[in-house]
Structures are given as structure tokens and as C-alpha cells.
Protein chains: 2
Amino acid sequence: MVPATFRRAGEKKHTINDIARLANVSKKTVSRVINESPFVREETRTRIAEIIRSTGFTPDPQARGLAFRRSYLIGLVYDNPNAPYVINVQEGALGALRRVGYELVVHPCDRNSPEFLGDIRQLVSRQKLDGMIILPPVSENNALADVLRDISCPYIRILSAALDEPQNLVQSMDRQSAAEVAEHLAKLGHTRIAMIIGPPTYRSSQERLEGFSNALADRGLTLSPDYIAEGAYTFESGAACAEMLLSRSPRPTAIFAGNDETAAGVYRTAYLRGLRIPHDLTIIGFDDSPLASRLCPSLTTMRQPIRDMGRLAAEKLISKISRTEGPSAAATTVFPHLVVRESSGRPAN
Amino acid sequence: MVPATFRRAGEKKHTINDIARLANVSKKTVSRVINESPFVREETRTRIAEIIRSTGFTPDPQARGLAFRRSYLIGLVYDNPNAPYVINVQEGALGALRRVGYELVVHPCDRNSPEFLGDIRQLVSRQKLDGMIILPPVSENNALADVLRDISCPYIRILSAALDEPQNLVQSMDRQSAAEVAEHLAKLGHTRIAMIIGPPTYRSSQERLEGFSNALADRGLTLSPDYIAEGAYTFESGAACAEMLLSRSPRPTAIFAGNDETAAGVYRTAYLRGLRIPHDLTIIGFDDSPLASRLCPSLTTMRQPIRDMGRLAAEKLISKISRTEGPSAAATTVFPHLVVRESSGRPAN
DNA sequence: CTGAAAGCGCTTACAG
DNA sequence: CTGAAAGCGCTTACAG
């Protein structure tokens with residue numbers, strides 16, 4: 001038997017009035033059942049609930065939204081060029097939102113465009129977004145957060161540092177993660193260790209650099225300034241930085257790349273120079289994007305629980321939106337961990 | 001001076017009533033201006049338009065939708081594991097939709113789930129989606145198209161074969177593209193040519209196989225059944241299929257992988273066997289995903305204009321939705337083209 | 001060319 | 001515990 005939800009074309013959708021008529025009550029009472037008001041007699045409630053179930057009625061989100069002054073729409077703002085990263089956050093968030101009847105409106109942006117902040121303002125007010133999830137690196141932009149606060153739009157920033165109050169954050173502990181990389185390299189016996197950082201203005205670059213450098217120091221190793229290169233989290237910058245680092249004498253035996261894209265750039269330079277990985281050079285990435293396992297040899301890297309971050313951000317946002325009041329000021333943190341593959345080994349000399 | 005659109009928190013949004021009052025007309029007349037009705041005196045129209053502009057008024061999409069029985073929401077359904085592919089279609093579509101005031105609601109799905117069709121039905125009826133864009137491979141599912149037709153939801157399928165009427169399609173001409181690969185390999189002098197196809201149930205697998213095999217035949221070359229392996233468009237299947245193909249004697253000198261992921265799997269097997277690319281083995285991919293240029297050596301592959309496909313699908317869908325009637329039965333086709341990189345060369349022997 | 005009334009499908013006060 | 005009225009912000013007939 002075909003469930004009643006599977007209405008065929010031509011039958012129009014049931015409305016709250018249909019349900020009220022069938023149940024022989026006012027639509028207000030149906031509304032109470034929908035919104036789980038306690039002020040409905042149990043017998044009435046069950047009867048109406050049963051009719052709702054059997055007719056497959058679902059309240060119209062537009063009408064509900066209009067009356068509630070809610071859109072049931074959450075924005076996802078990103079400028080991250082790493083597609084798997086975005087998709088994973090997106091799917092994580094989607095999973096959490098669906099359950100509570102929200103939809104996700106995606107919004108790629110360009111933080112350098114002069115219309116950037118105006119666009120966001122317009123998006124929020126126009127679509128009356130109920131909240132916003134912001135991905136790194138644009139999540140580091142405080143001006144954006146200020147705008148959202150200004151127009152009273154609840155938001156969650158996914159970040160690697162505490163740039164905001166804890167209730168607005170899902171924080172990835174990059175500093176501690178970078179320390180894991182240091183430990184791994186130290187254990188393998190590397191001493192000439194280099195690092196390619198991301199754009200210095202990005203908070204994650206600083207976090208990873210400091211975490212890495214401090215952890216090396218703790219083990220009696222130093223990250224010499226000669227061995228630090230400024231990349232841009234891109235393939236091309238990785239190749240160029242590796243070119244520079246590998247020209248140093250003595251040559252580093254290990255390079256910690258800012259992310260997997262950068263690491264792929266290091267692979268390319270090693271390939272062009274005929275260096276064998278990991279025999280001549282150990283390479284470590286960050287992200288564990290699909291690329292990491294596709295490279296030959298496969299890349300040792302830090303895995304971020306990206307999907308979880310999306311889910312956590314959505315859950316935290318929803319609780320902010322629906323909560324009439326109450327703190328939930330707790331921090332939400334997440335820890336990347338090391339995935340050891342083929343690109344790291346003992347130094348040859 | 002801050003534009004009026006940049007209202008600060010606390011000021012409530014203007015409504016059509018505010019505009020009517022300011023213009024000293026009825027809200028119906030304002031509505032006519034918003035909807036570009038010809039039945040407004042020019043003087044009145046300009047006056048109202050100016051007030052709308054200066055106040056930064058934008059009509060509430062929810063209220064409009066409720067009255068128009070429109071949601072201004074378009075669904076994007078996908079099950080493609082290739083994240084850059086999805087992101088690119090998404091951004092292409094977004095660009096076209098934004099301009100006309102629509103938003104995109106993304107919906108990853110699992111075509112093998114028993115709830116698959118029911119979920120889609122519910123998504124469409126619940127959010128009252130105005131239309132749907134469907135990505136391959138789930139776009140090949142005719143049952144899904146049947147459901148959408150049944151509930152009168154306009155849709156566009158992005159496909160590599162004409163599985164539907166032209167007005168429902170944005171078609172990528174994979175057959176002709178695969179012929180380009182054949183030509184490239186023939187020109188390089190390869191004769192022992194192998195191919196890894198995608199899942200045989202996928203239409204694109206057949207299209208690419210037939211296009212490739214026929215084009216080889218046209219050049220007096222044959223694609224021997226021994227040299228055809230059935231993959232699954234995945235990294236793992238690429239590695240396994242390459243394992244099999246490279247065990248043949250004589251060994252093929254070139255492998256056309258079904259897509260870039262598969263090609264990456266072939267790289268891995270070549271790496272493990274110590275084969276040099278392209279000296280010992282030429283490899284060709286399909287997609288030109290970011291991975292293609294990250295691999296070492298970089299991968300020769302077919303580039304799909306993925307972003308354009310998203311844009312075209314959105315434009316076509318919008319014209320279907322807004323058009324009161326009229327055919328637009330024209331086919332929309334798109335041609336991938338070859339990007340030659342380092343992984344293809346003359347055969348060694 | 002313009003407007004007053006009724007309605008889209010739901011909700012919030014306000015009564016009872 | 002339940003309902004009749006008014007309203008969210010916009011539109012579509014229907015008049016004039």
C-alpha cells in the first residue's frame with residue numbers, strides 16, 4: 001500500500017484546515033499539536049497526531065516562517081578553495097539541520113571583493129536567514145562577525161583559534177595537532193626540519209607554526225628561520241617554497257607542509273629534482289583530503305574531523321536559535337590526529 | 001554615506017505597506033511595480049521605483065512565495081563522490097540563480113537507499129521546490145525523473161547520453177570526447193591500448209567505451225577485450241584494474257582510465273611496480289579534477305566544463321519555470337576537450 | 001491606470 | 001483545554 005505521503009500529482013497538499021476539519025477541531029488546536037504545546041488534552045492530541053500521520057501532512061515552511069518570522073534557512077559562507085573540505089562540512093551540517101527541518105543555503109564569497117560585507121548583509125536580510133555557519137579562512141574575518149552581530153544574525157565560526165566568544169565557535173585545535181607532527185618527526189630521528197606555513201595573516205598558519213616550533217623545542221630541536229617558508233596553502237606555493245627550502249645547505253630532511261595542497265607542491269619539486277620520498281625527503285601534510293591517499297607515495301598528514309565540525313556547528317547554531325535564553329557558552333573543540341602513511345620515514349643521513 | 005540598505009539592527013525591515021504609504025498609493029500599485037506590470041502610469045512607476053531604491057526595500061521572499069505558490073528554492077541532488085565536481089556545478093548554478101532571486105538547496109542522496117525516492121518526494125513537496133537539478137550519476141536514474149514528472153516538479157538532468165527529452169537535459173558529449181583520446185593515443189603511435197571503464201550500468205561508461213573503441217577502429221586500431229577492465233570510477237578500482245591489465249602479455253603501453261580518480265589508481269599500481277610514466281606507460285584520465293595537475297607526472301585528461309554545465313542547467317531550469325508556455329525544446333550540449341600534460345608520450349617499444 | 005477585499009497557510013495574543 | 005479574530009507580507013481576481 002502506498003503511504004498517504006506519496007500523493008500523486010493533482011491531489012493538492014493538505015493544509016492545516018483540512019486536518020482541523022478531519023479532526024473536528026479548530027486549526028489553532030492543530031497548530032498546538034504541531035508545535036507541541038502542552039495545553040492540549042491527551043486524547044485530542046493523539047487523535048490529531050494520528051490524522052496528521054495518516055494524511056502525511058507537513059506544515060508549509062513558508063507559511064510557518066511568515067507567521068513565526070523565521071525562514072528555516074541557514075547560510076553556509078565559504079571561500080575555501082579545498083572542495084572536499086567544503087563538501088564535508090556541508091554534508092555534516094546538512095545531516096544535523098535536516099532532522100530539525102532547516103535547509104542549508106550555500107554562499108561562496110570573495111573576502112577581498114568590495115561588496116563582500118554588503119552581499120552578506122543583503123543575503124541575510126533578504127532571505128531572512130536564521131543563522132550562519134562560516135568556514136575558514138573567511139571565518140577569521142572579524143568584520144564579517146561584526147556585521148552579523150550588528151544585524152542580530154546568530155552565527156558559528158569554524159576556526160583554529162579563539163577569535164570570538166566560545167558560544168560562537170567550533171574550534172579545531174591546530175596548535176596541539178602540529179605538536180603531534182613534531183613528535184612524529186623527532187621520533188623518526190629528523191633534526192633538519194623545515195616548515196611551509198600558510199598565509200601569515202591566516203590564524204591557522206600561526207597556530208600551526210607556533211605549535212610545531214614549540215613542540216620541537218620541547219624535544220631539543222629547533223626550527224631555524226632559514227627553514228621556514230611562507231606559502232599560501234596552494235599547490236603552486238608549495239612547489240615554490242620547496243624549491244627554496246631544498247636549495248638550502250644543508251638540505252632539510254623533512255618538510256611539514258601547511259596543508260595537503262602545499263604538500264602536493266613539495267612532491268612536484270621533489271619529483272623534478274629526482275628526490276625520493278621518503279628516502280631523501282620526508283613530507284607531512286595537513287587535512288587528509290582525498291589527495292593525500294592518491295599521491296605516490298601516499299602522504300602522512302593530519303586528519304581533521306571535517307564532517308563532525310560541520311555537524312557540531314549546525315547543532316550549536318540550532319541550539320542558539322531555538323533556545324529562548326540560556327548560556328551554552330561552552331566551547332566546542334575538535335582535535336585533528338596524525339595519519340601515518342608512506343611519505344614519512346627515517347632520514348637517510 | 002551609508003546606503004539605506006545597510007540598516008542597522010533595531011530598524012525593522014521595510015514592508016510593502018511602508019512603501020505604499022511613502023508613495024501615497026495602494027500596496028497593490030507597489031506590487032505592480034515590483035512585478036513589472038505594464039499597467040502603471042510611467043510617472044507613478046518611476047516615483048515608486050525611486051522610493052524602493054532609496055529605502056533599500058526588497059520584497060519578502062516568503063510572503064511572495066506564499067502568495068505566488070512559489071518557494072524560490074531549487075534543489076541540487078547529487079551522489080557524486082567527486083567533491084570538486086559537485087562544488088563546481090553548485091557554483092555555476094548558484095551564479096545563474098542568484099541573479100534571478102532563487103536559492104539553491106543541496107541534497108546529497110543515496111540511490112540505493114530504500115527511502116531514496118520517498119526522500120526526494122518529501123523534499124520537493126515539503127520545501128515546495130520550484131525545480132531540481134540532478135547530477136550524474138544519479139541523473140541516470142529514470143525512476144527519479146518519473147517521480148519528479150509525477151509530482152510536476154520541473155527538472156534538469158546533467159547527463160552524458162540522451163536519456164530524456166532534450167528540454168530536460170544538459171548533455172555532455174562523452175562519446176565524441178573519448179574519440180579525442182583515441183586520436184591522441186593513435187598519433188603518439190600506441191597500438192597496445194587498454195581502457196578501464198566505469199560501472200557498466202553507468203551510461204557514461206558505455207558512451208566513453210563506445211566512443212573510444214569506435215574511434216580507435218576508425219584508425220585501424222582495436223581495443224581487445226583483454227584490454228578492457230571494469231572499474232568503478234574509484235581510486236581503488238583503478239589500482240586493481242591496472243594490476244590486471246599490466247599482467248597481460250604483451251603489456252599495454254597506454255591506459256585510458258575512466259576518470260581521474262581511476263587514473264590515480266593506475267599511477268599507484270605503476271608506482272608499486274616501478275613503471276615510469278609515460279616512458280613505460282601512458283595514462284589518460286577524464287574530468288580534469290584538481291587531482292590531475294597535482295599528480296606527478298601531471299595527468300593528461302579530458303576537461304569537462306563543469307561550472308558551465310551547472311550554469312546552463314540553472315538557466316534552462318529557470319526558463320522552464322518562468323515561461324508560461326513555449327517549447328525551448330532545444331538540446332543543451334557541452335563538449336569536453338583534451339588537456340595534454342606529462343602522463344602521455346610515445347610508447348617505448 | 002488604480003484600489004478595496006479576500007486569500008496564500010500558518011501563528012500569536014485574547015477570550016472563554 | 002479550546003476557539004474566533006487578526007496578522008505575518010505579499011498576491012490575485014474583481015471592480016471602477
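Every heavy atom of this structure was used, including side-chain atoms; hydrogens, water molecules and symmetry mates were not.
Ion pairing between a basic and an acidic side chain is recognised when a charged N comes within 4.0 Å of a carboxylate O; B/E91 and B/R311 show no such pairing. Taking a cutoff of 4.0 Å between a charged side-chain nitrogen and a carboxylate oxygen, B/R45 and B/E42 qualify as a salt bridge.
Checking A/N142 against A/R157 by side-chain atom types alone, a donor-acceptor pair falls below 3.5 Å. No side-chain donor-acceptor contact under 3.5 Å links B/N24 and B/R47.
Considering only residues two or more places apart in sequence or on other chains, A/F116 meets the ring pair (Phe, Tyr, Trp, His ring centres under 6.0 Å) condition with none of them. In this view, B/R32 satisfies the salt bridge (Lys or Arg N to Asp or Glu O under 4.0 Å) rule with no residue, not counting sequence neighbours. Taking the ring pair (Phe, Tyr, Trp, His ring centres under 6.0 Å) definition, one finds that A/Y85 meets it with nothing, sequence neighbours left out.
Of the possible donor and acceptor atoms, one in the side chain of B/D110 sits under 3.5 Å from a partner among the backbone N and O of B/N112.
Pairing analysis of DNA chain D (Watson-Crick: purine N1 to pyrimidine N3 plus N6-O4 or O6-N4; G-U wobble: N1-O2 and O6-N3; both under 3.5 Å) yields stems of 3 or more pairs at C:1-3 with D:14-16, C:5-12 with D:5-12, C:14-16 with D:1-3.
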**OP:** Indicate for each nucleotide in nucleotides 10-16 of chain C, in 5' to 3' sequence, whether protein heavy atoms under 4.0 Å reach the base (B), only the sugar-phosphate (S), or nothing (-).
**Re:** BBB----
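Here the P atom of nucleotide D/dC1 and the CD1 atom of A/I48 are 13 Å apart, to the nearest Å. The distance between atom CD of B/Q62 and atom P of D/dG9, rounded to the nearest whole Å, is 10 Å. Protein atom CZ of B/R70 is 18 Å distant from nucleotide atom C1' of C/dG9, rounded to whole Å.
Near-neighbour residues of DNA chain C inside residues 37-45 of chain B, defined by a heavy atom below 4.0 Å, number-ordered: B/F39, B/V40, B/R41, B/T44.
Within the structure, every side-chain polar atom (N or O) of A/T29 is placed at least 4.0 Å from both OP1 and OP2 of D/dT2.
Annotation: cation-pi geometry satisfied between B/K320 and B/Y155 (NZ/CZ under 6.0 angstrom from ring centroid, within 45° of ring axis).
Remark: A/E36 CD is loosely packed, at most 12 non-hydrogen atoms of other residues, nucleotides or ligands lying under 6.0 Å away.
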